[in-house]
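A short write-up of the structure that comes next.
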Number of protein chains: 2
Amino acid sequence: MSSKTVLIVDDESSIREMIAVALEMADYRVLEAENAQTGHAMALDHKPDLVLLDWMMPGTSGIELARRLKREEATAEMPIILLTAKGEEDNKIQGLEAGADDYITKPFSPRELVARLKAVLRRATPAGVEESVEVEGLKLDPASHRVTSHGSALEIGPTEYRLLQFFMTHQERAYTRSQLLDQVWGGNVYVEERTVDVHIRRLRKSLGETHQHLVQTVRGTGYRFSTRE
Amino acid sequence: MSSKTVLIVDDESSIREMIAVALEMADYRVLEAENAQTGHAMALDHKPDLVLLDWMMPGTSGIELARRLKREEATAEMPIILLTAKGEEDNKIQGLEAGADDYITKPFSPRELVARLKAVLRRATPAGVEESVEVEGLKLDPASHRVTSHGSALEIGPTEYRLLQFFMTHQERAYTRSQLLDQVWGGNVYVEERTVDVHIRRLRKSLGETHQHLVQTVRGTGYRFSTRE
DNA sequence: GCCGGCCGTGACAGAACCGTGACGATTACA
DNA sequence: TGTAATCGTCACGGTTCTGTCACGGCCGGC
């Protein structure tokens with residue numbers, strides 16, 4: 001579950017700070033810019049998953065930046081949430097016409113912010129239609145989030161599920177513990193490499209006698225999922 | 001999933017335009033009329049699945065048109081959403097009495113509009129289009145808005161009903177709390193994810209011993225409705 | 001056959017996750 | 001206008017999952 005990156009563009013550092021704290025607590029990566037120019041540059045540079053834009057800023061205004069971002073190919077798909085001071089309700093339509101995806105009126109609670117931000121991200125990321133995979137009667141179906149062995153359900157924990165999913169979509173190739181941590185646990189976590197071994201063990205146990213030969217140890221390297229020997 | 005047709009009746013072309021864009025992005029077909037007369041004609045002519053009506057218009061007002069549409073056989077089943085300027089909250093009751101299915105205050109975000117429009121379509125689709133669903137003696141009948149277990153009625157709240165309906169029409173698939181909030185609550189609401197858990201609980205309680213195994217927890221992910229396992 | 005490194009395995013404590021009852025607020029209804 | 005129903009949130013507790021460790025077996029090289 002790789003965390004998303006959010007770019008905050010606001011001239012008041014105290015506001016930026018508040019938002020940043022709230023977002024970091026909700027496990028988002030945060031970038032900050034204090035004016036439209038640097039904001040624009042950072043949007044191009046870091047490709048954040050979402051941009052939080054203050055309406056009123058010295059120099060180029062938020063809405064102007066919003067228009068610019070929507071106009072450019074590289075950033076057009078980037079969801080934008082506009083922040084505005086209370087009592088400027090009329091701007092709402094103007095803001096949304098500029099291409100903003102949502103519009104939050106100050107003052108707002110951090111929780112509201114996070115909730116609306118989630119909603120916007122949810123919409124912006126269409127659920128990937130993942131295909132189910134089957135190998136020797138072992139079937140993993142992402143839609144129902146189920147693993148079956150010749151039709152009967154297997155008990156399997158969340159991490160084992162992800163591990164198996166990764167393996168089944170990347171068969172016949174050896175991965176180091178480090179690579180598996182990256183791919184299955186998600187990059188920026190600090191976890192002992194030996195932990196992989198433990199989950200491999202648990203996965204094998206879940207797979208049972210029938211299928212555990214599919215998860216193979218590559219001594220000195222890591223593990224591999226393969227139907228061949 | 002053939003896309004639905006929405007008729008917009010508003011005298012301001014900029015508003016019509018904004019709404020049209022939003023709806024087209026959400027994959028609806030859009031018809032526009034700039035006054036009640038042509039709106040009325042188009043409603044009869046094209047039989048849209050829903051009508052968006054501005055309250056204040058020169059000549060015949062939106063609410064008047066709403067009443068007329070509800071009075072005539074051919075258009076009585078047609079869901080209507082009224083649009084009104086802010087600060088005219090009092091009209092709400094009047095509007096709903098006239099037969100409108102929902103009531104949106106300007107300014108509104110396209111997102112909000114689409115969400116509420118979906119909600120209205122979901123619950124107000126003319127009888128006959130929505131089939132009743134039955135699974136293991138548990139039957140949900142949209143026409144009578146009733147849930148029965150082997151013939152005897154079940155007590156079930158509005159939200160639980162919608163939740164169950166969604167589940168029964170989307171079986172064998174796991175949904176995250178976030179997705180359920182989108183689908184059942186409507187995308188623009190700001191509600192804690194754990195709230196889903198509580199309603200799942202209430203739904204299970206309503207279903208009773210007999211059927212609660214159908215609502216399954218997918219640990220680490222969300223919930224699923226399934227007859228298997 | 002000996003040895004060092006590598007890996008399987010069981011145990012464990014802390015964290016994460018989910019079910020559940022309760023509560024205040026709002027809404028619907030009589 | 002009062003009463004009931006429903007909603008969203010919270011806090012508590014049980015259960016499951018996770019990451020780590022330690023022990024010991026296994027393997028390969030010499």
Side-chain angles (χ1 to χ4, degrees), chain A residues 1 3 25-27 109-112 114-116 118-119 145 147 154-164 174-178 180-182 184-186 188-209 212-213 215-224, chain B residues 89 92-93 96-97 102-103 119 123 145 147 154-164 174-178 180-182 184-186 188-209 212-224:
Chain A
M1 194 100 47
S3 62
M25 295 219 319
D27 200 35
S109 74
R111 207 164 56 176
E112 181 184 355
V114 173
R116 314 246 318 237
K118 264 190 196 165
H145 207 272
V147 181
L154 254 47
E155 271 196 40
I156 192 169
T159 305
E160 281 75 70
Y161 178 88
R162 273 179 291 140
L163 190 53
L164 180 62
Y175 292 92
T176 66
R177 292 169 176 74
S178 176
L180 289 173
L181 284 178
D182 265 1
V184 179
W185 273 253
N188 43 11
V189 284
Y190 174 67
V191 173
E192 292 292 323
E193 293 207 340
R194 289 298 315 271
T195 298
V196 174
D197 297 29
V198 178
H199 282 278
I200 289 282
R201 161 84 178 27
R202 289 168 180 161
L203 175 56
R204 281 172 173 158
K205 201 177 213 172
S206 294
L207 293 182
E209 295 285 342
Q212 52 178 23
H213 67 278
V215 180
Q216 302 165 357
T217 305
V218 183
R219 195 179 171 83
T221 305
Y223 298 94
R224 170 182 55 206
Chain B
E89 284 295 318
K92 186 166 181 177
I93 297 168
L96 294 174
E97 274 175 350
D102 201 356
Y103 184 97
R123 84 177 100 94
H145 206 270
V147 182
L154 254 45
E155 269 197 41
I156 192 169
T159 305
E160 281 73 70
Y161 178 86
R162 273 181 290 132
L163 189 54
L164 180 61
Y175 294 92
T176 64
R177 292 169 176 74
S178 189
L180 289 173
L181 284 178
D182 251 3
V184 179
W185 273 254
N188 64 329
V189 287
Y190 143 54
V191 171
E192 292 290 322
E193 293 203 344
R194 288 298 312 272
T195 299
V196 174
D197 298 29
V198 178
H199 283 278
I200 288 282
R201 162 89 182 12
R202 290 168 180 161
L203 174 57
R204 280 173 174 157
K205 203 176 212 174
S206 294
L207 292 182
E209 295 284 341
Q212 52 178 20
H213 66 277
L214 293 170
V215 179
Q216 302 166 356
T217 304
V218 183
R219 187 165 239 271
T221 301
Y223 298 94
R224 170 180 56 205

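A donor atom on one side chain and an acceptor atom on the other are not found under 3.5 Å apart for Tyr190(B) and Glu192(B).
The base of dG8(C) lies outside donor-acceptor range of the side chain of Arg202(A), with no N or O pair under 3.5 Å.
Computed from coordinates, the Arg177(B) CZ to dG19(C) C1' distance equals 11 Å when rounded to whole Å. In this entry the distance linking NZ of Lys205(A) with C1' of dT16(D) reads 14 Å, nearest Å. If you take CZ of Arg219(A) and C1' of dC26(D), they are 7 Å apart, rounded to a whole angstrom. For the pair Gln212(B) CD and dT20(C) C1', the computed distance is 13 Å after rounding to whole Å. Straight-line distance from the CD1 atom of Ile200(A) to the P atom of dT18(D): 14 Å, rounded to whole Å. Whole-Å rounding puts the Glu160(A) CD to dT16(D) P distance at 15 Å. When rounded to the nearest whole Å, the span between CD of Gln216(A) and C1' of dC7(C) equals 15 Å. Whole-Å rounding puts the Leu180(B) CG to dC7(D) C1' distance at 17 Å.
At distances below 3.5 Å, not a single donor-acceptor pair connects side-chain atoms of Arg224(B) with backbone N or O atoms of Val215(B).
Close to dC17(D), at under 4.0 Å from its OP1 or OP2, lies no side-chain N or O of Thr159(A). OP1 and OP2 of dT18(D) both lie 4.0 Å or more from every side-chain N or O belonging to Tyr190(A). Side-chain nitrogen and oxygen atoms of Trp185(B) include at least one within less than 4.0 Å of the OP1 or OP2 phosphate oxygen of dG8(D).
Among the protein residues, Thr195(B) comes within range of the nucleic acid bases, having at least one heavy atom under 4.0 Å from a base atom. Within the nucleic acid shown, Tyr161(A) has no heavy atom closer than 4.0 Å to any nucleic acid atom. Within 4.0 Å of Val218(A), counting heavy atoms only, lie sugar-phosphate atoms of the nucleic acid but no base atom. Glu193(A) comes within 4.0 angstrom of no nucleic acid atom, judged by non-hydrogen atoms across all strands. Arg204(B) comes within contact range of the sugar-phosphate backbone alone, with a heavy-atom separation under 4.0 Å but no base atom that close.
Judged by closest nucleotide on DNA chain D, Val196(B) is the one of Arg194(A) and Val196(B) placed further toward the 5' end.
With dG19(C), dC21(D), dT9(D) as the candidates, the nucleotide lying closest to the side chain of Asp197(B) is dG19(C). Considering only the side chain of Thr217(B), dG19(C) comes nearest among dT18(D), dG8(C), dG19(C). Side-chain proximity of Val191(B) to dC7(D), dC17(D), dT9(D): nearest is dT9(D). Of the candidates dG8(C), dT20(D), dG19(C), the closest approach to any side-chain atom of Val198(A) belongs to dT20(D).
Between Tyr161(B) and His145(B) there is a side-chain heavy-atom pair separated by less than 4.5 Å. Put simply, the side chain of Tyr175(A) does not reach to within 4.5 Å of the side chain of Thr221(A), judged on heavy atoms. The closest side-chain heavy-atom distance from Leu207(B) to Leu164(B) is below 4.5 Å. Taking 4.5 Å as the limit, every side-chain heavy atom of Gln216(A) sits out of range of all side-chain heavy atoms of His213(A).
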